[in-house]
Structures are given as structure tokens and as C-alpha cells.
Protein chains: 2
Amino acid sequence: MASRSDTKTRILDAAEKLFAERGFSETSLRLITSKAEVNLASVNYHFGSKKELIRAVLARYLDVFMPLATDELKQLKAEKQHIPLEQVFSVLVNPLLELNKLRPDGTTLFLQLLGRGYIESQGHLRWFITTHYGEHLSFFVDAVSESVPEIPKADMFWRLHFTLGTIVFTMASADALMEIAAADFNEQNDIEAVIRKVIPYMAAGVNAPQLTA
Amino acid sequence: MASRSDTKTRILDAAEKLFAERGFSETSLRLITSKAEVNLASVNYHFGSKKELIRAVLARYLDVFMPLATDELKQLKAEKQHIPLEQVFSVLVNPLLELNKLRPDGTTLFLQLLGRGYIESQGHLRWFITTHYGEHLSFFVDAVSESVPEIPKADMFWRLHFTLGTIVFTMASADALMEIAAADFNEQNDIEAVIRKVIPYMAAGVNAPQLTA
DNA sequence: ACTTATTTAAAACACTCGTTTAAATTAAAC
DNA sequence: GTTTAATTTAAACGAGTGTTTTAAATAAGT
């Protein structure tokens, strides 16, 4: 069983699911390998260490998502010179939904993994993301700044991190929130609905009026 | 050394600092007790278990903060009938800053602990907070709803959780963010400055215009 | 077909964790 | 001052962790 190296894929598939659900440090290699039905040692054989497995799990999505997002943004910038802020954020929706074609629940998994990563990581993941995808990131950040040029760079720094917190936390607990919304308000949401709910919130936040003491 | 039961306090003081810095599950009892200069077993003797220690650390702040916040809000509601949303959020500022009188860096520690709690907790902390301080929480939530009555209950549910994510994430990484802001923008911020930056963001987000596809 | 390299397998290693036990110490009660 | 209770201490327990090692099985190269 487990011919050739779909072992690697089996590990990645099992790992991403468990990582998204319970976080990185709360997920043991033994749990991953038992769910993947592979041998414990194969993780270290194929990935070297748990840290590198975590990076590999994220890279599988980032390698698809980042170029897609950059492409869409470039296309939009070619069409018109000034882009409303909300539209900059909306540029991310399609690339995110593309991930569902990559794997079942790909969008949710990716966003939750990203959330876990930013929350848990003691640097190694932050470092990995910024050094491997830094250009895509700053391209996006620049586009945001151009959309609302009246906001000082320093304030923009803070507001974009607020935004990061908003989506990261929302996605890390998206499953629980969707359940509650279903029970309390008879709202049957999927991840796309949540994304479309959060975008106006973030756009309004980033573009908030200042010095309103 | 460590006469009577300031052992309990020494443990709480050391624990809250470490919990805020590195999270609950990443902080071992051995690290706590060595920083507190007490015996390892004293944690289980005084608190029963690590879980109960975590709850005790949070309760020490919540018991002060929650009544203060409710009082301020009640006072404001007595003064005028309609309160602008931003003012409802601002009600939390003074109670938060009061915590600095309780202990050095009390405000930062509390907010970071709260962030860690909401991120890490597999239920036991969420349960603890809602059952012990649920009345204060819903009193605040109701005040928010009254400030922006045009927003449907279901949308408000989502937006308040977005808000929770914003502050929780911001506070959990506040130290790192303040360092970056100092290096990149020569901004010397303290926790109060960050709070005052985030409030307009959250208020604008909660009050964002709808269906702006 | 035989050899070489790759992959899988089972077991052990070395370590950390929260918790418990039982004895020693300190404080309180009378 | 003696007895009783509360607290501190050192040591061990048992379970779980990521990683390494060694040998067996499988696939590839020639």
C-alpha cells in the first residue's frame, strides 16, 4: 500500500486538516501519520522535521495563491488608475476561491492555516512567508496605500495589522462562528459568505476617519 | 524564603507574564515555578491544576475590569439616551488603564492574556468567561446594538466577532508591532496609544455601509 | 537478473510535560 | 511547649513529544 511517494501527499493532506483544526503545536506527528496511514518516521524522511512539514503545508497553498492574487491586482491596475479600497480587498476573493479547486475546502483550510501560522509562529513561519512571498505582499500593501493615499504610512501600518488580525482570527474560528450563526440566526454560511461579510468591515476600518476623540 | 502564601502571588505574577508572552500551552509549569522561585509542586498545591491556574490568572483581572466597565457604561447610559458607537468602545479605555494601577503593565498583560485565551482555549476558558462574566458581556453587546440599531442582529454578531479578532490579535502581537513602528516610523507608542488607534478602526468596521458589492 | 538507490517499517532514544507522593519544614492553635 | 494543621520540598511517575537508528521491503538503473 501507499505506492511511490503519494506518502508525501498523504502526509500533507492529513497534516493540513489537523493543523487547521487544532493548531500546529497541538498536533503531534503520531496523530498525523496515523490519520495518513503512513509510518511515523516517514515525516522526518520526507520533510526533515516538523517545522519543515508546516512550511510545506503552507507553501502548497501560497505557491498557488500569491501569483494569482498578484496577477489579478496587476490586471485591475492596468484597467483604471484609481482603485477603491474595497476593490483592492475584493481582488483576493477569486484567488482564494480558486483554492477550492485545488483541494476540497481548500479556501477554508488555507485561511485557517494562515491564521494559525500568524498566531502561533515564533518567527520561523513569519520569516518563511516574508522571505518567500515578500514581493507579492508589498505589491498588495502598496496598492492599498495608493487607494487611500490620505492615510499616513504609519497609520496604514497599524490598520493593515488590525486587518490581518481581523481575518486571521475570523478564519481560525470560522467553523465555530458559522455554527453559531446557523443556530442563532438560521444563517447557512459558507466560507465565501464570511469573506464577503468581512471585506466591508476591513475596508471601512482601514479607511476610518481620524482624530475622532 | 517565600513566607506564608505570597507563594500564590509569586506564581500568579510569574505565570501571567509568561502566559502573555508565549501563550498558555507553550509555557510549562517548570518555567513558571523557576521564574517565581517556588517549588514545582506548589502550583498543584495552591491551584489544583494548570487549567485552574490559567483561570485564576485571568480572573484576577476580569474581577476588576468587568464591574468597572459596566459601571462606566451604566453611567454613560444615564447621561444620554443615544450613545455614538465610538463612545461605547471608548468606555472601555478607562477601566483598561485602571489595570495599570493594579500591577505594572497590567493593561497590556490583561489584553494579551485575553487574546491568548480566545485563541488557544479549547472551550474551557470561553466557558469560564461567559459563565462568570456573561452578564457584563451582554450588557456591553446590547449597548453596541443600541448605538447602531439599523444593523441587523446577525450582521452585528459577525462584526462584533471581527472586532474581537482585531483587538485580540493586535494585543497578542502588540509588543512586536510597537517595536516595528518605533524602528520604521520613529513612533514611540505605549499600549494606550495602540488602544486609541484601534478604536476608530473597530467603530468604522462595525458601522460599515452594507451591500457595497 | 542483479545491483544500487529509494522508500517503508519497527523500535528505541532522549527529552519534556503535568501530576502525585511522601517526607521535611514551617506556622497556628491550644 | 506541645500538638495539630498548613505549606514547602525533592523525587519519582506515567504519558507524550520529535527525532534517530537499524533493518526490511520496494522500485530503478543497467
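Note that this is a predicted model, so its numbers are computed, not measured. These numbers come from the heavy atoms of this one structure, side chains and all, not from hydrogens, waters or symmetry mates. In what follows, every chain begins at residue 1, and chains take the letters A, B, ... in the order their sequences are listed.
In this structure, A:Ile32 places its CD1 atom 11 Å from P of D:dT19, rounding to the nearest Å. Between the P atom of D:dT7 and the NZ atom of B:Lys8 lies a distance of 9 Å, rounded to the nearest Å. Regarding B:His46, its NE2 atom lies at a distance of 12 Å from the C1' atom of D:dT9, rounded to whole Å. When the P atom of C:dA11 is taken as reference, atom CG of A:Asn39 falls 11 Å away, rounded to whole Å. Rounded to whole angstrom, the span from the CD1 atom of A:Ile11 across to the C1' atom of C:dT7 amounts to 11 Å. Rounded to whole angstrom, the span from the CG atom of B:Leu53 across to the C1' atom of C:dC17 amounts to 15 Å. Protein atom OH of A:Tyr45 is 21 Å distant from nucleotide atom P of C:dA11, rounded to whole Å. Counting to the nearest Å, the P atom of C:dT8 and the CD atom of A:Glu37 are 14 Å from each other.
A side-chain contact (heavy atoms from CB on, under 4.5 Å) with A:Leu96 is found for exactly one of A:Leu111, A:Thr108, A:Val91, namely A:Leu111.
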Classify every nucleotide of nucleotides 13-18 of chain D by which part a protein heavy atom approaches to under 4.0 Å, writing B for the base, S for the sugar-phosphate alone and - for neither, in 5'-to-3' order.
----BB
Which donor-acceptor pairs under 3.5 Å do side chains of residues 60-70 of chain B form with protein atoms, sequence neighbours excluded?
residue	atom	partner	partner atom	Å
B:Arg60	NH1	B:Asp13	OD1	3.2
B:Arg60	NH2	B:Asp13	OD1	2.9
B:Arg60	NH2	B:Glu16	OE1	3.4
B:Tyr61	OH	B:Glu16	OE1	2.9
B:Tyr61	OH	B:Glu16	OE2	3.1
B:Tyr61	OH	B:Arg103	NE	3.2
B:Asp63	OD1	B:Tyr133	OH	2.8
B:Thr70	OG1	B:Met66	O	3.1

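Residues A:Met156 and A:Val148 are in side-chain contact: their nearest non-hydrogen atoms beyond the backbone lie under 4.5 Å apart.
In terms of modelled atom types and a separation under 3.5 Å, the side chain of B:His46 and the main chain of B:Ser42 share no donor-acceptor contact.
At a threshold of 4.0 Å, the pair B:Lys17-B:Glu21 does not count as salt-bridged, since none of the basic side-chain nitrogens sits closer than that to a carboxylate oxygen.
Of the side-chain N and O atoms in A:Thr7, one or more sit less than 4.0 angstrom from OP1 or OP2 of C:dT8. Regarding contacts with the backbone of D:dT9, every side-chain N or O of B:Ser42 stays at 4.0 angstrom or more from both OP1 and OP2.
Classified by interplanar angle (parallel below 30°, tilted 30° to 60°, perpendicular above 60°), the ring pair B:Phe157/A:Phe185 is tilted.
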